[in-house]
Amino acid sequence: MSFPLLTATAVLPAVGAVATAAVPAAGRTAAKWLALLVSLGTLALAVTVLVRFDPGGARYQLTESHSWIRDFGVRYELGVDGIGVALIALTAVLMPFIILAGWHDADPLETGSRRWRPTQGFFALILAVEAMVLISFEATDVFLFYIFFEAMLIPMYFLIGGFGDRAHAQGEEAAATQRSYAAVKFLLYNLVGGLIMLAAVIGLYVVAGNFSLQQIAEARANGSLHMATSTERWLFLGFFFAFAVKAPLWPLHTWLPNAMQESTAPVAVLITAVVDKVGTFAMLRFCLGLFPEASRWATPVILVLALISIVYGALLAVGQRDIKRLVAYASISHFGFIILGIFAMTSQGQSGATLYMVNHGISTAALMLVAGFLISRRGSRLIADYGGVQKVAPVLAGTFLIGGLATLSLPGLAPFVSEFLVLVGTFTRYPVIGIIATLGIVLAALYTLVLYQRTMTGPVKPEVSAMPDLRVREVLVVAPLIVLLIFLGVYPKPVTDIVNPAVRHTMSDVQKKDPKPEVEAAK
């Protein structure tokens, strides 16, 4: 029996979470180092997955299949395609930086505070989320996927509600109230989506008789699976609703700004750069893979919703006074681009959407983590409380600028390639939508550059005059992310080579081909 590499990749952080939580109360530093070592071990396993994956091989590789709940046709089935491999790598790469960035975020508060921040619990919850996200990217059994898709809400709820941002102008009691509100809103939105999906999962079993992606695909190919058009569309809507909440897609997005605003910066990165990617990934794997006719039927409406997300998110980002809320609305706009690329039903659009998931995770992590370092120094999230930071902390300001330029998809940085592919792929099939979507690029330049101007340039405000520059630990967090942004900006081929074969399989699932150019190339 071959080594269960995919299982090991998810089990290691799960075991690490239990071990970290079990560290004695006096061992806060030991718990931090243990969590960091576990995340690095998981990264090593993810790199092994990446190395062993053959882009030219079978669609699902490194597969594992074991009977689980025999009476209900539920199996423990894992397998990865190129899209899953790319997102596993993204998750594993980001986790050590998230842990390093949050090194002191769960330390005990000042003497006399009524609140105690259990350091061990904070890092254990982060590792638990990593384990559940990884197995979500690996699961090829729909029921197995659903369990961890929902289970990750529990540690995220406690990370948002129990370990919020300390930079709150209204005092500790008001901060606790706002954290609780954000955590409950996050949980309720995602639970409602999950319950609707559960009904669709049960419906799928009634129709197909099992939960296996591969068995359902084989049954569809040989004609033994007959699904009425109306049934397929209702099941599609049940799945898509849950994924649209997680993504988040307008108008199901309103939980995200509250959750990111009240979270610590590393947890905010965990939400938008890691957890939310499960939603867009699942649209590709489950919506398009299981319900091809319904996906084509729903495409016009979904494209309009994605377009609204792009413009609406960018417009609201322009008007924000809170740094974290600005990044949250910018992410809503970026997720609109990802969903636009998925449902443009072109190979360029879907390749760009997958690449966008990876690049958005890196760029958002870079920008949000530097913003977190900035906020921790000043003790405020309000843009108006800053000014002239580049004169007293030039390294902080420089890394903040690079993260911001990546967010606006500057050529030469990673997000530009993915955004360009999404727009090209959309324009070839839906030119009007592609043209309107470019407004998101203009607005991104506006909110990013205005943010930098108001916080980093101008006269030095007295409150920031003694602000220290980035420390060694903080440089170790940000520098590799910036290197990745530049490397993938000038050479995205390593990622596109992995995801393109998976995209071709997805295009085959929905029976779509790329539109032919209206003007033939000159001979």
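Position 1 is the first residue of the sequence, and the numbers go up from there. These numbers come from a predicted model, not from an experiment.
- By the side-chain contact (heavy atoms from CB on, under 4.5 Å) test, Val47 pairs with Leu43, Val51, sequence neighbours left out.
- Note that CE of Met368 and CZ of Phe400 are 9.5 Å apart. Values are rounded to the nearest 0.5 Å.
- With sequence neighbours excluded, the residues that form a salt bridge (charged side-chain N to carboxylate O under 4.0 Å, His left out) with Asp81 are Arg285.
- In this structure the side chain of Ile402 never reaches within 4.5 angstrom of the side chain of Val370, judged on heavy atoms.
- Counted within 6.0 Å of CH2 on Trp68, heavy atoms from surrounding residues, nucleotides or ligands total more than 12; the atom is thus considered enclosed.
- In this structure, NZ on Lys493 lies 10.5 Å from CD1 on Ile498, to the nearest 0.5 angstrom.
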Going by atom type alone, with no hydrogens or angles, which donor-acceptor pairs under 3.5 Å involve a side-chain atom of residues 139-159 and a protein atom two or more places apart or on another chain?
residue : atom : partner : partner atom : Å
Thr140  : OG1  : Glu77   : O            : 3.4
Asp141  : OD1  : Phe143  : N            : 3.0
Asp141  : OD1  : Leu144  : N            : 3.0
Asp141  : OD2  : Arg75   : N            : 3.2
Tyr146  : OH   : Gly194  : O            : 3.1

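- In this structure, Ser39 contributes its side chain and Met95 its backbone to no donor-acceptor pair below 3.5 Å.
- Annotation: side chain of Thr63 is not in contact with side chain of Leu78 (no heavy-atom distance under 4.5 Å).
- Between Leu413 and Ser363 the shortest side-chain heavy-atom distance does not fall below 4.5 Å.
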Which pairs of donor and acceptor atoms, one on a side chain in residues 17-25, lie under 3.5 Å apart (sequence neighbours left out)?
residue : atom : partner : partner atom : Å
Thr20   : OG1  : Gly16   : O            : 2.7

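- Here the straight-line distance linking atom CG of Leu369 with atom CG of Leu94 works out to 8.5 Å at 0.5 Å rounding.
- Here the side chain of Ser333 pairs no donor or acceptor atom with the backbone of Tyr329 at under 3.5 angstrom.
- Taking the side chain as every heavy atom from C-beta outward, Leu127 and Ile99 approach each other to under 4.5 Å.
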Exercise. In sequence, state the C-alpha distance, the side-chain angles, and the governing distance for Glu262 and Tyr181, and then conclude on side-chain contact (heavy atoms from CB on, under 4.5 Å).
Key: CA-CA 9 Å; Glu262 298 303 328; Tyr181 172 78; over 6 Å; no
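- Here the side chain of Lys246 pairs no donor or acceptor atom with the backbone of Asp276 at under 3.5 angstrom.
- Heavy atoms only, all atoms of each residue included: Glu419 and Ser409 are closest at OE1-OG, 3.1 Å.
- When side chains are defined from C-beta on, Val417 does not count as touching Thr496, because their heavy atoms never get closer than 4.5 Å.
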Name the atoms and distances for all side-chain donor-acceptor pairs under 3.5 Å in residues 472-484, with sequence neighbours left out.
residue : atom : partner : partner atom : Å
Arg473  : NH1  : Leu100  : O            : 2.7
Glu474  : OE1  : Arg377  : NH2          : 2.7
Glu474  : OE1  : Arg471  : N            : 2.9
Glu474  : OE2  : Arg377  : NH1          : 3.2

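- The side chain to side chain donor-acceptor pair (under 3.5 Å) check on Thr354 picks up nothing, with sequence neighbours excluded.
- Contact record, Pro415 with Ala406: CG-O, 3.2 Å, taken as the closest heavy-atom pair.
- Between Phe281 and Phe137, the ring planes lie perpendicular to each other; the angle is over 60°, past the 30° to 60° tilted range.
- Counting only residues at least two apart or on different chains, the salt bridge (charged side-chain N to carboxylate O under 4.0 Å, His left out) pairs with a member in residues 41-66 are Arg59-Asp509.
- Looking only at distances, a side-chain donor or acceptor of Thr9 sits under 3.5 Å from a matching main-chain atom of Leu5.
- To the nearest 0.5 Å, atom OG1 of residue Thr48 and atom CG of residue Leu6 are 11.0 Å apart.
- Listed by first and then second residue, the salt bridge (charged side-chain N to carboxylate O under 4.0 Å, His left out) pairs that reach into residues 89-99 come to none, sequence neighbours excluded.
- The minimum heavy-atom distance linking Gln120 with Ala31 is given by the pair CG-CB, 3.5 Å.
- Without hydrogens or angle criteria, Glu232 side chain to Ala294 main chain gives a donor-acceptor distance under 3.5 Å.
- With sequence neighbours excluded, the residues satisfying side chain to side chain donor-acceptor pair (under 3.5 Å) with Thr364 are His360.
- A donor-acceptor contact closer than 3.5 angstrom links the side chains of Thr7 and Tyr76.
- Atoms CD and OG, from Glu218 and Ser212 in turn, are 7.5 Å apart once rounded to the nearest 0.5 Å.
- Taking a 6.0 Å sphere around CZ of Phe420, one finds it holds 12 or fewer heavy atoms contributed by other residues, nucleotides or ligands.
- With hydrogens and angles disregarded, a donor-acceptor distance shorter than 3.5 Å links the side chain of Thr346 to the backbone of Gly425.
- With sequence neighbours left out, the side chain to side chain donor-acceptor pair (under 3.5 Å) criterion links Thr272 to Ser331.
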Exercise. Carefully, step by step, assess Phe243 and Thr280 under the rule side-chain contact (heavy atoms from CB on, under 4.5 Å).
Key: CA-CA 7 Å; Phe243 302 152; Thr280 47; over 6 Å; no
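- Between Gly102 and Phe123, the shortest heavy-atom distance links the atoms O-CZ, 3.3 Å.
- Taken to the nearest 0.5 Å, the CD atom of Glu130 stands 10.0 Å off from the CD1 atom of Ile126.
- In plain terms, the two heavy atoms of Leu288 and Ser295 that are nearest each other are CA-OG, 3.6 Å.
- Annotation: side chain of Ser263 is not in contact with side chain of Met260 (no heavy-atom distance under 4.5 Å).
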Practice problem: Report the C-alpha distance between Thr264 and His104 in whole Å, list the side-chain angles of each, state the deciding distance to 0.1 Å, and finish with yes or no for side-chain contact (heavy atoms from CB on, under 4.5 Å). | Solution: CA-CA 11 Å; Thr264 63; His104 298 298; over 6 Å; no
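- With sequence neighbours left out, the salt bridge (charged side-chain N to carboxylate O under 4.0 Å, His left out) criterion links Lys277 to no other residue.
- The two residues Asn500 and Ser351 make their nearest non-hydrogen contact at OD1-OG, 2.7 Å.
- Met283 has its side chain out of reach of Phe239: every pair of non-hydrogen atoms, C-beta onward, lies at least 4.5 Å apart.
- Looking at Thr42 and Leu134, their side chains come closer than 4.5 Å, going by heavy atoms from C-beta outward.
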Donor-acceptor pairs under 3.5 angstrom involving side-chain atoms of residues 248-257: please list them, not counting sequence neighbours.
residue : atom : partner : partner atom : Å
His253  : NE2  : Tyr312  : OH           : 3.4
Thr254  : OG1  : Tyr189  : OH           : 2.6
Trp255  : NE1  : Val245  : O            : 3.0

Quiz item: Does the pair Phe240 and Ile302 meet the rule for a side-chain contact (heavy atoms from CB on, under 4.5 Å), with working shown?
Solution: CA-CA 10 Å; Phe240 180 79; Ile302 295 173; 3.7 Å; yes
